[in-house]
Chemist: 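Next up is a structure, given as structure tokens.
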Amino acid sequence: MRRTRILTAVLALAAGLIAGSPPVLAADGAPRPTLAAESYTWKNARIDGGGFVPGIVFNRKEKNLAYARTDIGGAYRWQQASRTWTPLLDSVGWADWGHTGVVSLASDSVDPNKVYAAVGTYTNSWDPGNGAVLRSADRGASWLKTDLPFKLGGNMPGRGMGERLAVDPNRNSVLYLGAPSGKGLWRSTDSGVTWSQVANFPNVGNYQQDPTDTSGYASDNQGIVWVTFDESTGTSGTATKTVYVGVADKDNAVYRSTDAGATWTRLAGQPTGYLAHKGVLDSVDGYLYLAYSDKGGPYDGGKGRLWRYATATGAWTDISPVAEADTYYGFSGLTVDRQKPGTVMATAYSSWWPDTQIFRSTDSGGTWTKAWDYTSYPNRANRFTMDVSSSPWLTWGANPSPPEQTPKLGWMTEALEIDPFDSARMMYGTGATIYGTENLTAWDAGGQFTVRPMVQGLEETAVNDLASPPSGAPLLSALGDIGGFRHTDLTKVPSMMYTSPNFTTTTSLDYAETDPNTVVRVGDLDSGPHVAFSTDNGANWFAGTDPSGVSGGGTVAAAADGSRFVWSPAGTGVQYTTGFGSSWQASSGIPSGAVVESDRVDPKTFYGFKSGKFYVSSDGGATFTGSAASGLPAGDSVRFKALPGTKGDVWLAGGASDGAYGLWHSTDSGATFTRLAGVEQADTIGFGKAATGASYQTLYTSAKIAGVRGIFRSTDKGVSWTRVNDDAHQWGWTGAAITGDPRVYGRVYVSTNGRGVVYGDTSDTGGGSGGGGGGDPAPSGACAVTYTITNQWSGGFQADVKLTNTGTSAWSGWSLGWSFPGGQTVSQLWNADYTQSGAAVTARNVGWNGNVAAGSSVAFGFTGTWTGTNGKPTAFRLGDRSCTVG
């Protein structure tokens, strides 16, 4: 998967647990967000897959324990009972967004509870943070982190080679990590806690995909690319003596140590002219199998070979299944059957057309058969059948001519693994999914094996834009690489992505607010139109006509009534049209590259933003006028939206840490903006159904408020904010788009960069700051309260309240009341719901903290204002009972 945006956030990397601790109140007394004010349930809008899976790892000791790594979307663990994948890195936060890129993964064959991940997305400046090694003793449920003094490249060229990270199968406290960028080979002897460079390893690699690339992306040295142990050369508790290491160097690709890493030598007699993508050792028959390509992948590769090295004799044998002259691809995917020594399989990973190829040998590479072959060109005979009914979009809606077929067997097939406990099961990764079979051995019997997606739960799309119309489908998405989807049911995989045309990446979409059947999307396409329209809420599409000079999607806006559209494409200036884009005219008064949006009431009012300046059109996009509003972010990392139902009500989020950064609100069509106090940073803004009794729609944002990064909700027009996610659900970077659902209170759709569309539902019924509780809970038994002022400043304060069940029976809900003696007012309260009338305050439990056992306590806190004196309440009542005050 290719990253769709380059982030500019400055990372603050720190060792320790990935999940952070709750922040303290800002010293200036800015409003503190409510932390976990009610229970949110988070799920994915199901797409199943959608990105490149470069690595699949089976544990060699425990059956059905398997992991998958993705290039930007984290790591996953296989759940055999449900045949689904569980995400393991959702706790990666905003500051460490690069750690959602997984360059390698290792499962401990001595202690299957242990798993390791080498993380980091880019080795160039696109990711300003260094890489890290994550270690888990509970199969990825929680992690500890060791930061590295160099970067790792989960989304860099060569990311399908590997695995670069490996655990010694005899002494599992020893691990090796192959580094890119000339940083060499690294070793840990304390189970991944500390790392040091193997100083005597002789070669740091030299292969660069494109040495002339000034961005540093394609010009990075791909470095050390795999580590393989010969477990037969060690015993339990002692370090394995023989270790093989693959290096990105076409002349010196494979090295070996026979003394547990004390010394290293280039393996004599090895082939040259190719990169060794994989090195897989079958210690039973004593063969090291190697898959070679002339390029580092995952996209490139025009020639390749397979070789076999006899570890006992040092003999090299070219076991390639086809002549070198007949390859137009490299080899990468490589696996052996641990149940049947001598059975080996490999993939032609870069065979894009007409399909990938999978090769199988049952005699150690002496002879091979293919997954498919020509009968008489262009007709094919397949040893497999494909069933993509669980992910029907994998056909891409295509109808190709032979020898192409749909769905394809795959492409970018660098991950290939036979289950070490089950010869009939194999999984392999592609650029879009994980495929698998559970009757692989039918291949050898002359039958057909069945290939199906084995990817449910693994969501790997990068999200550029989201929309939740007031009618029709609840969710429309704009995605990188696979275009986007119309979800009529969030729990089901849509039948097809957007087609007619099928953009490689959809960059922006919009619907007409008063006519949601009218939808427009724009995107990238190598050849063809870059704009498309729908008149049935995105179910069917037809292409528009590009104005001259368009090279990419940019942003697009639909008039409130669908009568016209304004488009800011890449490659040319802002354009407008009436109807469905059969012809476009250039807008005046607004610069090229501006972000455009529409007013949601007035069909002739459109807005734009570029480089710190806001623009307004009142004539349908023909002419724009720059606003006099000042103090807005100077850069272009800005997203803004107009509120449905109110003309001229605009919210703008964005900025950068070296300048203006936050959330602004305008009620006069952008003539003036007011910055919201207490919102330190904001990157997205969206609207959803109003809370019960609220007169304004609910706001949602990915932001930093009072020192806390998260997903926030406000039911009172931004006066107070509730953090609705938690430290276990952060998903790295969430700065592309957000929207609430206009039909379901509390539901929010969040964009991620590699974890798909995440949506959250609340247990709150929509009562706002005092909401959701119904009648007051009336627990029985005695109670005690401790009221502590933890911070105080001029006109404001923070207090914590501890409520203890001193009775003999458990509470199934609670409601605590008190009166302030000095006219204090609660500004914001967390870990409880509340209402205040005059001096009287009532705090009620939220869904997750209603049950309080006898002898146990529950706590909540709040910020408030005061004038004159800030005396403590002297009496508290739990329902109809008085509590002891401590």
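Remember, predicted model here, so these are calculated numbers, not experimental data.
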Chemist: Looking at the rings of Tyr607 and Phe614, which for Trp means the six-membered one, are their centres under 6.0 Å apart?
Modeler: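 Between Phe614 and Tyr607, which both carry aromatic rings, the centre distance is below 6.0 Å.
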Chemist: Give a yes-or-no answer on whether the side chains of Trp651 and Asp649 include a donor-acceptor pair shorter than 3.5 Å.
Modeler: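 Side chains of Trp651 and Asp649: pair found under 3.5 Å.
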Chemist: For Ala660, give me all partners under side chain to side chain contact (heavy atoms under 4.5 Å, CB included), at least two apart in sequence or on another chain.
Modeler: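 Ala660 satisfies side chain to side chain contact (heavy atoms under 4.5 Å, CB included) with Trp664 only.
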Chemist: Got a second to check how far Thr701's OG1 is from Trp721's CH2, nearest 0.5 Å?
Modeler: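 Going from the OG1 atom of Thr701 to the CH2 atom of Trp721 covers 5.5 Å.
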Chemist: Quick check: are there more than 12 heavy atoms from other residues, nucleotides or ligands sitting under 6.0 Å from NZ of Lys613?
Modeler: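 Check passes, neighbour count above 12.
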Chemist: Apply salt bridge (Lys or Arg N to Asp or Glu O under 4.0 Å) to Arg755 and list each qualifying residue two or more places apart in sequence or on a separate chain.
Modeler: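 With neighbours one apart ignored, the set is Asp90.
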Chemist: So do His487 and Ile47 actually touch side chain to side chain, heavy atoms under 4.5 Å?
Modeler: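 Yes, their side chains come closer than 4.5 Å.
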Chemist: So Val757 and Thr752, side-chain contact (heavy atoms from CB on, under 4.5 Å) or not? Walk me through it.
Modeler: CA-CA 6 Å; Val757 181; Thr752 74; over 6 Å; no
Chemist: For Asp515, check side chain to side chain donor-acceptor pair (under 3.5 Å) against everything at least two apart and list the hits.
Modeler: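 Listed in chain order: Thr518.
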Chemist: The criterion is salt bridge (Lys or Arg N to Asp or Glu O under 4.0 Å); which residues satisfy it with Asp636, sequence neighbours excluded?
Modeler: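 Checked Asp636 against salt bridge (Lys or Arg N to Asp or Glu O under 4.0 Å); matches are Lys610.
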Chemist: Determine yes or no for a side-chain-to-main-chain donor-acceptor pair under 3.5 angstrom, with Thr506 supplying the side chain and Gly483 the backbone.
Modeler: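 Checked: pair present.
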Chemist: Could you check whether any side-chain N or O of Asn44 sits under 3.5 Å from a backbone N or O of Glu459, counting only pairs where one atom can act as donor and the other as acceptor?
Modeler: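 No.
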Chemist: Kindly state each residue pair satisfying salt bridge (charged side-chain N to carboxylate O under 4.0 Å, His left out) with at least one member in residues 694-706, sequence neighbours excluded.
Modeler: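 Residue pairs passing salt bridge (charged side-chain N to carboxylate O under 4.0 Å, His left out), neighbours aside: none found.
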Chemist: Can you find a pair of side-chain heavy atoms, one from Trp811 and one from Leu878, that are under 4.5 Å apart?
Modeler: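 Side chain of Trp811 against side chain of Leu878, heavy atoms only: contact under 4.5 Å found.
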Chemist: In chain order, what residues pass the side chain to side chain contact (heavy atoms under 4.5 Å, CB included) check against Thr672, with sequence neighbours excluded?
Modeler: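 For Thr672, the residues satisfying side chain to side chain contact (heavy atoms under 4.5 Å, CB included) (neighbours in sequence not counted) are Asp668.
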Chemist: Quick check: closest heavy atoms across Pro494 and Pro392, and the distance to 0.1 Å?
Modeler: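 Closest approach of Pro494 to Pro392: O-CG, 3.9 Å.
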Chemist: Go through it in stages, so that I can follow the logic: the residues are Trp567 and Val522, the test is side-chain contact (heavy atoms from CB on, under 4.5 Å), and I'd like the CA-CA distance, side-chain angles, deciding distance and then a yes or no.
Modeler: CA-CA 8 Å; Trp567 182 16; Val522 294; 3.4 Å; yes
Chemist: Is the Trp42 to Trp731 ring centre distance short of 6.0 Å?
Modeler: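 So the answer is yes for these two rings.
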Chemist: Roughly how far, to the nearest 0.5 Å, is CG of Leu652 from CG of Leu663?
Modeler: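 Reported value, rounded in 0.5 Å steps: 8.0 Å.
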Chemist: May I ask you to check if Arg486 and Tyr498 form a cation-pi contact, with NZ or CZ under 6.0 angstrom from the six-membered ring centre and within 45° of the axis?
Modeler: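 No, Arg486 does not lie over the aromatic ring of Tyr498.
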Chemist: Determine the minimum heavy-atom distance between Val841 and Phe820, stating which atoms define it.
Modeler: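 Scanning both residues completely, I find the closest heavy atoms to be CG2-CE1, 3.6 Å.
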Chemist: Measuring from atom NZ of Lys43 to atom OH of Tyr759, what distance do you get when rounded to the nearest 0.5 angstrom?
Modeler: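 Rounded to the nearest 0.5 Å, the NZ-OH separation comes out at 4.5 Å.
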Chemist: Only counting residues at least two apart or in another chain, list the ones meeting side chain to side chain contact (heavy atoms under 4.5 Å, CB included) with Pro644.
Modeler: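 Here the qualifying residues are Glu513, Arg600, Phe687, Gln697.
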Chemist: Run the side chain to side chain donor-acceptor pair (under 3.5 Å) test against Asp489 and tell me which residues pass, sequence neighbours left out.
Modeler: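 Thr491.
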Chemist: For Glu680 and Ile705, what are the C-alpha separation, side-chain angles and deciding distance, and is it a side-chain contact (heavy atoms from CB on, under 4.5 Å)?
Modeler: CA-CA 5 Å; Glu680 298 159 45; Ile705 299 176; 5.7 Å; no
Chemist: For Arg723 and Asn725, does a side-chain donor sit closer than 3.5 Å to a side-chain acceptor?
Modeler: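 Indeed, the side chains of Arg723 and Asn725 share at least one donor-acceptor pair under 3.5 Å.
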Chemist: Can any side-chain N or O of Thr646 pair as donor or acceptor with the backbone N or O of Leu643 at less than 3.5 Å?
Modeler: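 No, because the side chain of Thr646 does not come within donor-acceptor range (under 3.5 Å) of the backbone of Leu643.
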Chemist: Can you name the one residue among Asp761, Thr762, Thr698 that meets side-chain hydrogen bond (donor to acceptor under 3.5 Å, both in side chains) with Arg747?
Modeler: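 Filter result, single survivor: Asp761.
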Chemist: Which pair of non-hydrogen atoms, one from Pro469 and one from Leu476, has the smallest distance, and what is that distance?
Modeler: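 Nearest pair, atom of Pro469 first, then Leu476: CG-CD1, 4.0 Å.
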Chemist: Would you verify whether the NZ or CZ of Lys717 falls within 45 degrees of the ring axis of Tyr696 while also being under 6.0 Å from that six-membered ring's centre?
Modeler: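 Yes; both conditions hold, so Lys717 lies above the ring face of Tyr696.
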Chemist: Are Ser702 and Thr734 linked by a side-chain donor-acceptor pair shorter than 3.5 Å?
Modeler: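 Side chains of Ser702 and Thr734: pair found under 3.5 Å.
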Chemist: Under a 3.5 Å distance rule, please check whether Ser477 uses its side chain to pair with a backbone N or O of Phe485 as donor and acceptor.
Modeler: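 Yes, the answer is positive, given that a donor and an acceptor are paired below the 3.5 Å cut-off.
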Chemist: Can a donor-acceptor pair be found, under 3.5 Å and without considering hydrogens, that links the side chain of His729 to the backbone of Tyr40?
Modeler: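 No, His729 side chain to Tyr40 backbone: no donor-acceptor pair under 3.5 Å.
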Chemist: Among residues at least two apart in sequence or on other chains, which ones pass ring-ring contact (aromatic ring centres under 6.0 Å, His included) with Phe609?
Modeler: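 Once residues adjacent in sequence are excluded, Phe609 has no partner under the ring-ring contact (aromatic ring centres under 6.0 Å, His included) criterion.
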Chemist: Do Arg709 and Asp683 meet the salt-bridge criterion of a basic N to acidic O distance under 4.0 Å?
Modeler: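 Salt bridge present between Asp683 and Arg709.
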Chemist: Tell me every residue that passes side chain to side chain contact (heavy atoms under 4.5 Å, CB included) with Ser468, counting only those two or more places apart in sequence or in another chain.
Modeler: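 Residues passing side chain to side chain contact (heavy atoms under 4.5 Å, CB included) with Ser468: Thr739, Asp741, Pro742, Tyr749.
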Chemist: Just verifying a value: how many Å separate Ser627 OG and Tyr615 OH, rounded to the nearest 0.5 Å?
Modeler: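 One finds 10.0 Å between OG of Ser627 and OH of Tyr615.
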Chemist: Is it the case that the side chain of Asn845 and the backbone of Ser815 share a donor-acceptor pair, with hydrogens and angles ignored and the cut-off at 3.5 Å?
Modeler: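 Checking the backbone N and O of Ser815 against the side chain of Asn845, no donor-acceptor pair under 3.5 Å is found.
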Chemist: Would you say Asn540 and Asp536 are linked by a side-chain donor-acceptor pair, where the criterion is simply a distance under 3.5 Å?
Modeler: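 Yes - a donor-acceptor pair under 3.5 Å links their side chains.
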Chemist: Mind telling me whether Phe860 and Trp814 have parallel, tilted or perpendicular rings, with 30° and 60° as the class edges?
Modeler: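 Parallel, since the angle between the ring planes stays under 30°.
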Chemist: Flag the pair Arg844 and Asp833 as a salt bridge only when some basic side-chain nitrogen lies within less than 4.0 angstrom of an acidic carboxylate oxygen.
Modeler: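 Here Arg844 does not pair with Asp833 in a salt bridge, since their nearest N and O are not under 4.0 Å apart.
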Chemist: Could you list the residues that satisfy salt bridge (Lys or Arg N to Asp or Glu O under 4.0 Å) with Asp602, not counting sequence neighbours?
Modeler: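 Asp602 satisfies salt bridge (Lys or Arg N to Asp or Glu O under 4.0 Å) with Lys647 once adjacent residues are dropped.
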Chemist: Would you compute the distance between atom CD1 of Ile685 and atom CG of Leu699 and round it to the nearest 0.5 angstrom?
Modeler: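 Interatomic distance, Ile685 CD1 to Leu699 CG, rounded to 0.5 Å: 5.0 Å.
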Chemist: Take Val520 and Phe533, measure what side-chain contact (heavy atoms from CB on, under 4.5 Å) needs, and give me the verdict at the end.
Modeler: CA-CA 5 Å; Val520 60; Phe533 300 92; 3.6 Å; yes
Chemist: In chain order, what residues pass the side chain to side chain donor-acceptor pair (under 3.5 Å) check against Ser714, with sequence neighbours excluded?
Modeler: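 Partners of Ser714 under the side chain to side chain donor-acceptor pair (under 3.5 Å) test: Asp716.
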Chemist: Compare all side-chain heavy atoms of Tyr576 with those of Phe606 and state whether any distance is below 4.5 angstrom.
Modeler: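 No, too far: nothing below the 4.5 Å cut-off.
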Chemist: Is it the case that the side chain of Gln836 and the backbone of Val826 share a donor-acceptor pair, with hydrogens and angles ignored and the cut-off at 3.5 Å?
Modeler: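 Confirmed, Gln836 side chain pairs with Val826 backbone.
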Chemist: Let me confirm one number: the CZ-OG distance from Arg521 to Ser508, rounded to the nearest 0.5 Å.
Modeler: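 So the gap between those two atoms works out to 12.0 Å.
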